[in-house]
Amino acid sequence: MVFSIFYFSGTGNTKWAAAETVKIAEKNGHRANMYSIDNFRDKAPEYFTSPALEADCIGFANPIYGASVPAIMKDFIFFLTDEWLKEQISPKPVFVINTVGFVNAFGPFEANKLFDPDCFYLQAYCNIRLCNNVSTPKLKSVPVSREQLNTRKAKAVTKLEHMILSLAKPKKMIRGIGPYLLPGILIRKRMASEIENFYQTLQVQNETCTRCMVCINNCPTHAISYD
């Protein structure tokens, strides 16, 4: 099978998950590639539509912000949908990978609303819990120990491997359904304006920052600088 994964990574967690998915797919004899959607409007449409057309299954990977999908991923899905409708391409299966720091109150039902059934249908949905790297004045992030993070990464790899094996059969693998989805309705409404108006209100926690420069060197969007 051929997998094309389109990802947005705010702090690097989702980029790691997408890269691991590529490794797992290749280890199981498939072909897989990942494409960052940062500034996707600046690229020719063919840069994204060509690998999407070539793929047997298309992946969308992103972090969850305020129990919702980042605006850039929504815009990208709508862009790809427009291209599909314009060219009258047959529907293709898709899978969604969501990375979270705590719990995902977004869920497969909300994800399904993003896809036009004439273009895409949800075949797999996978939650990956890693760590919360976003720290704001109102909600400071709680650092995760290296041991905890390694444990979560190992669990994530197992989940992603299960997903790839299911997609290859093909067999549906929809995860992330539970009572924690109910608060998501309230969180999405409350956080929508917060994210839109204060998405740049971030901070460095001086008491834990070691000036190691890892965040600057690995920021997928090159949004951090050191003064």
Could you check if a side-chain atom of [X] sits within less than 4.5 angstrom of a side-chain atom of [Y], using non-hydrogen atoms only?
X	Y	value
Ile97	Leu160	yes
Glu161	Asn28	yes
Met73	Tyr7	no
Leu85	Cys119	yes
Phe115	Tyr121	no
Asp38	Phe8	yes
Lys153	Glu20	no
Phe106	Val100	no

Please report the interatomic distance [atom1]([X]) to [atom2]([Y]), rounded to the nearest 0.5 Å.
X	Y	atom1	atom2	result
Leu165	His30	CG	NE2	7.0 Å
Phe102	Leu130	CZ	CG	12.5 Å
Phe48	Phe76	CZ	CZ	5.5 Å
Met34	Phe6	CE	CZ	12.0 Å
Ile24	Glu26	CD1	CD	11.0 Å
Phe95	Phe3	CZ	CZ	6.5 Å

Which atom of [X] lies closest to which atom of [Y], heavy atoms considered:
X	Y	result
Gly101	Arg152	O-NH1, 3.9 Å
Asn127	Lys159	O-NZ, 2.9 Å
Pro108	Gly176	CD-O, 3.3 Å

Run the numbers on Thr21 and Ile164 for side-chain contact (heavy atoms from CB on, under 4.5 Å), then give the verdict.
CA-CA 8 Å; Thr21 306; Ile164 289 296; 3.8 Å; yes

Does any N or O in the side chain of [X] come within less than 3.5 Å of the main-chain N or O of [Y], such that one atom is a donor and the other an acceptor?
X	Y	answer
Thr14	Ser9	no
Trp84	Ser90	yes
Asn217	Met213	yes

With Gln123 via side-chain hydrogen bond (donor to acceptor under 3.5 Å, both in side chains) - residues at least two apart
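Gln123 satisfies side-chain hydrogen bond (donor to acceptor under 3.5 Å, both in side chains) with no residue once adjacent residues are dropped.
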
Apply side-chain contact (heavy atoms from CB on, under 4.5 Å) to residues Cys126 and Arg175 and explain how you reach the verdict.
CA-CA 6 Å; Cys126 186; Arg175 299 291 184 269; 5.8 Å; no

Would [X] and [Y] show up in the same hydrophobic cluster when neighbours are defined by side-chain heavy atoms closer than 4.5 Å?
X	Y	value
Tyr180	Ile177	yes
Ile37	Phe78	yes
Val214	Ile224	no
Phe109	Val96	yes

Does the distance from a Lys or Arg side-chain N to an Asp or Glu carboxylate O, for Arg188 and Glu110, drop under 4.0 Å?
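The answer is yes: the pair qualifies as a salt bridge.
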
ring-ring contact (aromatic ring centres under 6.0 Å, His included) partners of Trp16, counting only residues at least two apart:
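Checked Trp16 against ring-ring contact (aromatic ring centres under 6.0 Å, His included); zero matches.
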
Show which side-chain atoms of residues 52-72 pair as donor or acceptor with protein atoms under 3.5 Å away, not counting sequence neighbours.
residue, atom, partner, partner atom, Å
Glu54, OE2, Arg31, NH1, 3.0
Glu54, OE2, Arg31, NH2, 3.0
Asp56, OD2, Val2, N, 2.7
Ser68, OG, Lys74, NZ, 3.2

Walk me through whether Asn33 and Tyr35 qualify under side-chain contact (heavy atoms from CB on, under 4.5 Å).
CA-CA 7 Å; Asn33 286 293; Tyr35 305 86; 3.4 Å; yes

Using a distance-only test with no angle check, is there a side-chain donor-acceptor pair under 3.5 angstrom linking Asn112 and Tyr125?
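No, because no side-chain N or O of Asn112 sits under 3.5 Å from a partner of the opposite role on Tyr125.
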
Does a sphere of radius 6.0 Å around CZ in Arg146 hold more than 12 heavy atoms from other residues, nucleotides or ligands, not counting ones at 6.0 Å or beyond?
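Not buried by this count: 12 neighbours or fewer within 6.0 Å.
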
A cation-pi test, strictly: NZ or CZ of Lys43 under 6.0 Å from the centre of the six-membered ring of Tyr47 and no more than 45 degrees from its axis. Yes or no?
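Yes, Lys43 lies over the aromatic ring of Tyr47.
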
